[in-house]
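The block underneath contains the structure these notes are about, expressed in C-alpha cells.
It should be emphasised that the depicted structure is a prediction, and the values quoted were computed from it without experimental measurement.
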Amino acid sequence: MSAAQYEVLIVRYGSRQTARSGVFLNYGLYGEPDGPIGMDYFFWVVRNRERTLLIDTGFSAAGGANRGRTTLVPPPTAFDALGIRPADEPTVIVTHAHYDHIGNLDYFHRSPIVIAQAELDFWRSPGARHILFHHSAEDADLEVLERAAVEGRVHPFADRVTVSPGIEVLRVGGHTPGQSVVIVQTGDGPVLLASDAVHYYEECDRNMPFVSVADLPAMYAGFDTVRGMMADRRVQHLVSGHDPDTFGRFRPDGSGPLAGNVARIGGLS
C-alpha cells in the first residue's frame with residue numbers, strides 16, 4: 001500500500017428506529033404510505049502504515065441520552081479497540097458540528113481538527129440559536145470545538161482541502177452550511193464518505209432531502225455532485241451517513257471486539 005492509499009473503516013456505534021415521515025423532508029408530498037425506518041450512527045477511520053485519521057467522533061454519552069439514542073458501543077471504547085489513541089494525536093476531520101458527529105472531540109484533546117470555515121462561522125452566529133438548528137447540537141460539544149480553536153488546533157478550509165496525500169475534503173453544504181464529504185483513495189478504488197450529505201442512499205437516488213436542512217438548493221446540488229462523481233468514476237464506493245443498508249453494501253467483520261459493527265474497504269497490506 002502506497003502512502004497515498006488507505007484502508008477505510010466504517011464503524012457503527014449507535015442506532016434507532018423512527019418513521020419515514022421523520023427523516024424525509026415534507027414526506028407527505030411523495031404520496032407514499034408512512035412506515036418504519038432504521039437509522040444507524042457511524043464514524044469513520046482512514047489509515048495506512050504511515051498515518052491514521054478519524055472522520056467525526058460520534059455522539060457523547062450525554063448527547064445520546066438527551067435524545068434517547070441506543071448506543072451499541074461507546075465511541076471511546078471503539079477508538080480503543082481500533083488502537084486509536086489520544087496520545088498519537090490523530091487528525092480529526094469534522095464533516096459538520098451536529099451532536100452525533102463531534103460528541104467526543106474532547107477525547108482527542110491534542111489532535112488537529114479540520115473543518116469547513118462556513119461550519120465554524122455558522123455555529124458562532126446568532127442564527128445557530130434557532131431551535132430548528134440548535135436541537136441538533138450540544139452546547140458542551142460546541143464549547144470543546146471552540147476551545148480547540150483558541151488552542152490553535154482547528155484548521156478551517158474554504159471549499160476544498162487535501163488533508164494528506166490521497167485524502168480530500170470537499171464542502172457541499174445543504175444539511176448544514178459547512179457540511180463536507182471526504183474522498184479517500186484505497187486499493188479498492190476511491191471511496192466517498194458522504195456523511196450527512198447523504199444520510200440514506202434513497203435521498204440521493206430519488207432526490208428526497210433529509211428533514212434537517214439549512215439550504216435546500218444546496219442539498220439538491222450536493223446530490224448532483226455525488227451522482228456526478230459516481231458516474232464519472234471519480235469515486236467507486238459511496239458510504240452513507242446513517243443508512244442501515246450501509247452494512248448491506250459493505251459487509252461487517254464477524255470477529256473481534258467490534259464484531260458486526262465494523263466494515264472495511266481497501267484493507268491494509
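Between atom CD of residue Glu203 and atom CG of residue Leu25 there is a gap of 10.0 Å, rounded to the nearest 0.5 Å. Put simply, CZ on Phe210 and CG on Leu216 are 13.5 Å apart, with the number rounded to the nearest 0.5 Å. Distance check, rounded to the nearest 0.5 Å: CG of Leu192 to CZ of Arg234 gives 10.0 Å. To the nearest 0.5 Å, atoms CZ (Arg47) and CZ (Arg264) are separated by 5.5 Å. Distance check, rounded to the nearest 0.5 Å: OG1 of Thr52 to OH of Tyr6 gives 10.0 Å. Once rounded to the nearest 0.5 Å, the distance linking CG of Asp245 with OG of Ser240 reads 8.0 Å.
In this pair, His98 and His175 present their aromatic rings perpendicular. The plane angle is above 60°, beyond the 30 to 60° band. Classification of the His96-His101 ring pair by plane angle, with boundaries at 30° and 60°, yields tilted. Ring planes of His130 and Phe133: tilted class, angle from 30 to 60°.
Remark: side-chain polar atoms of Thr71 are not paired, donor with acceptor, to backbone N or O of Pro74 under 3.5 angstrom. Remark: side-chain polar atoms of Asp56 are not paired, donor with acceptor, to backbone N or O of Gly58 under 3.5 angstrom. A donor-acceptor pair under 3.5 Å is formed between the side chain of Arg67 and the backbone N or O of Gly63. Looking at Arg12, its side chain does come within 3.5 Å of a backbone N or O of Gly260 through a donor-acceptor pair. Using modelled atom types, no side-chain atom of Ser164 and backbone atom of Ile167 make a donor-acceptor pair closer than 3.5 Å. For the pair Thr77 (side chain) and Val73 (backbone), a donor-acceptor distance under 3.5 Å is absent. For the pair Asn48 (side chain) and Glu50 (backbone), a donor-acceptor distance under 3.5 Å is present. Side-chain atoms of Thr57 come within 3.5 Å of backbone N or O of Asn104 as a donor-acceptor pair. Between the Arg227 side chain and the Cys204 main chain, a donor and an acceptor come within less than 3.5 Å of each other.
In the displayed structure, Leu29 atom CG is contacted under 6.0 Å by more than 12 heavy atoms of other residues, nucleotides or ligands.
Side-chain contact between His199 and Asp243 is absent, with no heavy-atom pair separated by less than 4.5 Å. No side-chain heavy atom of Glu168 sits less than 4.5 Å from a side-chain heavy atom of Val182. At least one side-chain heavy atom of Tyr200 sits less than 4.5 Å from a side-chain heavy atom of Pro244. In this structure, the side chains of Val92 and Val114 stay at 4.5 Å or more apart for every pair of heavy atoms. Side-chain contact between Thr18 and Ile37 is present, with heavy atoms from C-beta onward closer than 4.5 Å. The shortest side-chain heavy-atom distance between Thr186 and Glu7 does not fall under the 4.5 Å cut-off. The shortest distance between side-chain heavy atoms of Val198 and Val239 does not fall below 4.5 Å. Side-chain contact between Val169 and Phe157: present, with at least one pair of heavy atoms (C-beta onward) separated by less than 4.5 Å.
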Worked verdict on Asp80 versus Tyr107 for side chain to side chain donor-acceptor pair (under 3.5 Å): CA-CA 11 Å; Asp80 291 347; Tyr107 190 74; 2.5 Å; yes
Derivation of the side chain to side chain contact (heavy atoms under 4.5 Å, CB included) call for Leu170 and Thr225: CA-CA 10 Å; Leu170 173 66; Thr225 296; 4.3 Å; yes
Evaluation steps, side chain to side chain contact (heavy atoms under 4.5 Å, CB included), between Thr91 and Leu54: CA-CA 6 Å; Thr91 295; Leu54 187 62; over 6 Å; no
Audit row: Ile115, His155, side chain to side chain contact (heavy atoms under 4.5 Å, CB included) steps and yes/no: CA-CA 7 Å; Ile115 186 172; His155 303 276; over 6 Å; no
Chi angles and distances behind the side chain to side chain contact (heavy atoms under 4.5 Å, CB included) call for Asp40, Thr246: CA-CA 9 Å; Asp40 283 347; Thr246 301; over 6 Å; no
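A donor-acceptor contact under 3.5 angstrom links the side chains of Asn66 and Glu138, judged on distance only. Side chain to side chain, Thr95 and Ser180 fail the donor-acceptor criterion of an N or O pair below 3.5 Å. One side chain, Arg69 or Tyr41, offers a donor N or O that lies under 3.5 Å from an acceptor on the other. With hydrogens and angles left out, the side-chain atoms of Tyr201 and Arg206 include no donor and acceptor closer than 3.5 Å. Asp196 and His242 share a donor-acceptor pair across their side chains, judged by distance under 3.5 Å alone.
Between Arg85 and Phe108, the shortest heavy-atom contact is C-CE2, 4.3 Å. Scanning all heavy atoms of the two residues, the minimum distance from Gly189 to His237 falls at O-CD2, 4.0 Å. Residue His109 comes nearest to Pro86 through the heavy atom pair CE1-CB, 4.4 Å, listed as atom of the first residue, atom of the second, then distance. In terms of heavy-atom proximity, Ala214 sits nearest to Thr176 at CB-CA, 3.9 Å. Of all heavy-atom pairs between Arg124 and Ala149, the closest is NH2-CB, 3.6 Å. Here the closest heavy-atom approach between residue Ser212 and residue Ser136 is recorded as OG-OG, 4.2 Å.
Shown here are the side-chain contact (heavy atoms from CB on, under 4.5 Å) partners of Ala19, two or more places apart in sequence or in another chain: Ser21, Asp34. Legend: residues meeting side-chain contact (heavy atoms from CB on, under 4.5 Å) with Asp215, ordered by chain and number and at least two apart, are Pro217, Ala218.
Tracing side-chain contacts under 4.5 Å through hydrophobic residues (I, L, V, M, F, W, Y), one reaches Met39 starting from Val213; they form part of the same cluster. Under the 4.5 Å side-chain contact rule for hydrophobic residues, Phe79 and Leu72 do not share a cluster.
Under the salt bridge (Lys or Arg N to Asp or Glu O under 4.0 Å) criterion, the residue pairs touching residues 100-119 are Glu89-Arg110, with sequence neighbours excluded.
Taking a cutoff of 4.0 Å between a charged side-chain nitrogen and a carboxylate oxygen, Asp88 and Arg51 do not qualify as a salt bridge. A salt bridge links Glu202 to Arg20: one of the charged nitrogens lies within less than 4.0 Å of a carboxylate oxygen.
Between Phe247 and Phe42, the ring centre distance stays below 6.0 Å.
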